[in-house]
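Read through the structure below, which is laid out as structure tokens, and then see the notes.
Small disclaimer: the values here were computed from a predicted structure and weren't measured.
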Amino acid sequence: MQEELDQFDKNQVWKLIPQPENVPVIGTKWVFRNKLNEDGKVVRNKARLVAQGYSQQEGVDCDETFALVVLLESIRILLAYASFKGFKLFYMDVKSAFLNGFIEEEVYVKQPLGL
């Protein structure tokens, strides 16, 4: 959990302020997952702090929503095309990739429990 919070501080994506009145505040929750090796043994425990975006109402709290999920069919097409053309593909996992995006609106989220 501390690693996740350190990423927020490192990228300077939030600051703690008193809760403003008459402003919608998005809740947060911790999501925990065990990372397993090929034998099925736990290698690492992972924690992610996620916003409870389901509490937002389109047109009231936000104008557009996006889910950064790719369809399996799109991946298959990419792999087939790269194989046909002889391209080299590289996979990269970026921790905290969403922290590098820019938004123009002010967004207020609740402080995670325990902090």
- Looking at CG of Leu78 and CZ of Phe87, how far apart are the two atoms once the value is rounded to the nearest 0.5 Å? 10.0 Å

- Do Ile17 and Val23 belong to the same hydrophobic cluster, where Ile, Leu, Val, Met, Phe, Trp and Tyr are linked whenever their side-chain heavy atoms lie under 4.5 Å apart, directly or via other members? yes

- Task: Under 4.5 Å between side-chain heavy atoms, chaining through other members, with only Ile, Leu, Val, Met, Phe, Trp and Tyr counted: pull out the rest of the cluster around Phe90, sorted by chain and number.
- Result: none

- About how many Å separate CD1 of Ile77 and CG of Leu71, when rounded to the nearest 0.5 Å? 9.0 Å

Show me, pair by pair, the donor-acceptor contacts under 3.5 angstrom made by side chains of residues 36-43, not counting sequence neighbours?
| residue | atom | partner | partner atom | Å |
| --- | --- | --- | --- | --- |
| Asn37 | OD1 | Asp39 | N | 3.0 |
| Asn37 | OD1 | Gly40 | N | 3.1 |
| Asn37 | OD1 | Lys41 | N | 3.0 |

- Task: Search all heavy atoms of Lys110 against all heavy atoms of Val25 and return the closest pair with its distance.
- Result: CG-CG1, 3.4 Å

- Task: Starting at CZ of Arg44, measure out to NZ of Lys46 and round the result to the nearest 0.5 Å.
- Result: 6.5 Å

